[in-house]
Amino acid sequence: MQSSAASASNPGAVGVLEAVILRSFGPEGGQVLFTRDTGQVLLSRSGTRILTALHLEHPFARMVVECVWKHSSATGDGSKTFILLLASLLRLIHAAASKGSNVSHSYSSTKAAEAATARHLADKLLAFGLKELDELIATGVVPYGGCISWEDFTVEAQTSSLTNNLCVQKLLRSFFHTRCGYTHCDFSSHLTCELLSHWNFKNQLPSFSLQLVSDYFPALHTPVSGFPVRSSRLIEGQVIHRDFATPPLKTDHQPVKAVVLTGSLQPTLLSTGDVLELGYRGRMKEERSILHFSSWMESSLQGVIAKLQTLGVCVLLSAVKQSAAVLALATQAEMCLVECVSEDELSLFSQLSGTTPIWDCSMIESEHVATLAFCRPIQLGAHRYKKHTSITIKPCSLIICAPGEGQIEQYACALQDAIRMLLRTWEPMLAAATTTSKSTLQSHKGASLHTDSLTEQTPYRSIAIQPIQKPGCVLSAGGLFELLLHYALLQHGHSCSVSPDLNIDASVSQLLANALLSVPQKIYSHSPHHFLESQRRVEGPLGDVSELDLGLESVSCKYQLLLAVLQCVASLLKVDAVLPTHTALHTQSRRLARTSWEDTEDEGEG
Amino acid sequence: MSRLSKKSPSVCTDMPLDNTDICSKLHLLKQILTSCFGPTGRLKQVHNNIGGHVVTTSASSVLLSSVSSSQPFINLIKTSILNHVSRFSDCGLFAAILCLSLIEQIKKSALKESVAIRVNNYLLALCTSYLQREDCGCRVKLDFCSTQNLITLARSVISSKPACVLTEPETFHISKLAVQAFLLTVPCSSPGIVSFGRIVTVPVEGHSVLSSEVLPGLLVEMPDGLSEEDKLLNPLSVVLFSASLAGDISELGDGVIEAHPDVDTDSQILGQLLELGRQVINDEVKLFMCQKVIHPVLQQYLRSHGVIVVERLGIALMEPLTQLTGAQPVATLHTTIPPKTYGKVRDLCIKHFGSKTMLHLFPLGESAICTMILCHRNQTMLNELKVVCQTAEHVLRLTLREPFALVGGGCTEINLAAYVRHKSKSEVPETASVLMCSQTEYLLGVELFCCALESAARALEHDGGSSLIDLTHAHRWMLPADAIKETMEESLGFCGCGLVQSSPSKKWIYLSTKYSDFCPSSVFRDTRVQPRVLDSFTAKLSALQVAVETANLALDVKYIIQDMN
């Protein structure tokens, strides 16, 4: 058995990922175009999307991609920063390890000693992150930020969406800038705000409606290709992505009564395995003829339709395909029928109308009947769909237009992630709150001296110092978080080094501080003077910070990101060897495990 | 497990626009499409390497969908344009040419991509707001009281496709028919929800184009056993079946049916069908139609009672038929047919088109269903003509939403370019700071954008002539290659769209030369002068947006990952 030394290749592996990610990072970053194995062309600036599309062989790279994927599916954001931070942390840890490994330990080789030091350092970093980071953010970063509350957003959004809810708009704007590019970030953030303000339920928690939109997003949006992006809009009602199977309602009278079916209206006489014998023992009776059965079936179908008619139902939404007889009878009864409606749409419909779908139509009762405000066909691009709205809640659907399908998918993904990011921004961080509440209280006093004088100058005056657990905290985008935390960490390091027993802590915070600096460096890589300028601003008086108008980003998402990166580093460095195993299929897998990374590396540069 | 194969790593391309292979492919695509543009455009023959069908065309929809590239970058642009064409049917070539020249111009210049994207975006907004304005110099309001503008619009669509091979009178005839058919499908007086009718196209090969016609009502395949002498009382009662009447056993479920050899199920079912026939005859139905197959015995029975039987209509004709006759499709065989499902037809007659004999159904009252019979000399031209007529129908229908048209013949592009040049010169420092770029970068971006617009207008010229612009209205003028400088004024005549006539007071310059910017004045509308070429407003506006958005997107692509599995 042969094992390849793992830790040595770590920074290189992540470095190549970093090189790919950098193409779409920051204000000057662009799109990445990729083709699926099906030949479908997709566009993305999402780090997760890009990384998974690479189909990496290298076990470390795959582990990293896995970590990124997990993180971004939780927060919807920060996958590119994840890679950058990870790469710079690994570089710094290795540098520190190779410098500090000549201590008195009796390791057989310097390599092993280095690996051990690195491992040790990573563990300490993680411990530090879990213990002290949120407090540091609370004292060193949060005072510079503002807070968006769900209440002003939803209340004011309805009166005028232009001037108010600016904070949410800005937050979304910078999110869309990083995910879809500059061109339509204003437009998309505006659209998202409008969508969310429509889906606001009076007496529910904000996270409830966000969660609802996020859960039902596939049913709530309609992709329409061939139109410019600016044609995207909101429309009233829910769109069922199927056309009427029967002629649509002639009259526009309101309200309309509807029923959701999950089974066929036509009764099945014979289920699988049943045997129908005709002309049993040669005796030809009238009730034994086939006609008897088919006419029974038709008459029972007519009974069901009559029952529906007495209930006043004129719209049938069916999850399955119905027979020609059903279609004809429904048409004659002036009911309109929509077949093969997707499960998502039906469950959203049930949720909105408060009714339950039925399987067996003979059991139908009035509680199955939903009342709709309208029900009409809508032409979107090449498809004719059915659109309706319920009478109690005013739902609205989103129509996403773009010239190509790849772009539509990009926008839909970005929107979904934006909602996830907002959810995370407002969500109180439960896990962190329980573990660190004590330390926050203790540090409260010491920190307040430092920050109280500063808050006078901050543009968001409502914020005094608060623990990070306060939901909805936001900060100017463009590397400000990293810069602020960088200085907070340095300060922390200095204060620690004064007290002799916490000597190790200082080096750890120093290391993390330096790693953080790489993010703003990359953001301003195209214009170095901007970097210096922003650095000067952070060091200078506080009031200047907000002048760099780059939008906002969520502090809690950033905090989650840092923890996720530290965890990833720790788990990466714990691995010391890769053991390629042989299966019947992969006869050359051992060779591949070692060489494949070099392959992708070549392609990455070529 | 043996079918499990290893996923191969993806192939990556960094900075695709710096790649010479991609750039040359883009240039080639632009050349192909430019040479097809306009009424004098050159045709392309497309045939595959295994000796398939040869297609002769200059339409972007046919051309782009048959050109396939292994390069995803090309496909990105291709699908954008194709999606536009599938929505608006028109202006596909314009969108493609504008998009490709924008990319090429910006690539050639030293302008940074991110700056170019922002400037393009800003200028696009400038263009769209100008085109929506009341005093826009290239927009014409459509008057539905007269058909003249509508015919001009249809004619511009039809004449821009030379693969139809139409003479001048033929073009005019087809344009008239397209407008006539369109007007027939607009319901005149129906309160409540208005639904458009349908044009059903019947292609007839081997006849002169001039014998094409539009008929109200529908044509169905001629049924057997009907002679022209048969006189029928009008109007006729109609029944329409959507279920099969072939005598097959109806669906009872997934179970097994076992029939004893003594039992004659077939005859039982046939007896039921004949029972149905008896009812229909009692109800005095004269026309019996079915989407699927009718049992021959039933057919014979019905015919012997003087009922005309039409079977195998197919799903496509069902909706127009229900709209035309007012009948509701029937699918139950055991119950009596409710009287309200019967429809009515005013009259029938038999029509001959070449080898085809068809039954013509007339609607009882007002109906928005009509049939267009298209004739042409051979199959290839007929196919192109069919596509063109559908495009014309679509373009005409778009005018109902926005009753405007844009002047054609390259005048709109030139006018837009002149307007953008003029407008962008004011407030340069402010705009540049909003767009986060320097003033020189901004002005360079404006120049590139205008050049791309002008190159789309210049693409209309294929015979070596040159394009000119007048310095009052900013319309496009064509100067044939053999024109003499002194008689320029006479040889110019009218501008590209036919709205402006040349006069001694006008000044022209060549399009390629630089001119000092001026605000194009809108043309004084003399009602006697009608534009000769009009483009669809809705389609062109969308094409402009799609072209710029696609170009922006292409400029923004920094990395390509190709899955090789």
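Remember, predicted model here, so these are calculated numbers, not experimental data. Protein chains get the first letters and strands the later ones, always in sequence-line order, with residue 1 at the start of each.
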Residues in residues 400-409 of chain A that sit under 4.5 Å from chain B, counting heavy atoms only: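 Within residues 400-409 of chain A, the residues under 4.5 Å from chain B are A:P403, A:G404, A:E405, A:Q407.
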Under 4.5 Å heavy-atom distance to chain A, tell me which part of [X] shows up: side chain, backbone, both or neither.
X      : answer
B:F241 : neither
B:E549 : side chain
B:T332 : both
B:P338 : side chain
B:M436 : side chain
B:I560 : both

Face-on cation placement of A:R49 at A:F34 ring, 6.0 Å and 45° thresholds: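 That pair does not qualify as a cation-pi contact.
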Out of [options], which one racks up the most heavy-atom pairs below 4.5 Å with chain B?
options                        : value
A:H184, A:Q332, A:R230, A:Q302 : A:Q332
A:T331, A:T183, A:L327         : A:T183
A:V229, A:V41, A:L43, A:I50    : A:V229

Best-contacting candidate, B:S114, B:A331, B:G271, against chain A by heavy atom pairs under 4.5 angstrom: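 The candidate making the most pairs under 4.5 Å is B:A331.
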Donor-acceptor contact present, side-chain B:S542 to main-chain B:A539, <3.5 Å: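 It does not hold such a pair.
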Portion of A:E298 that has a non-hydrogen atom of chain B nearer than 4.5 angstrom: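 Just the side chain, heavy atoms under 4.5 Å.
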A:F227 ring center within less than 6.0 Å of B:F88 ring center: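 Ring centroids of B:F88 and A:F227 are less than 6.0 Å from each other.
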Euclidean distance, B:H394 NE2 relative to B:S89 OG, rounded to 0.5 Å: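 Spacing of OG (B:S89) from NE2 (B:H394) equals 4.5 Å.
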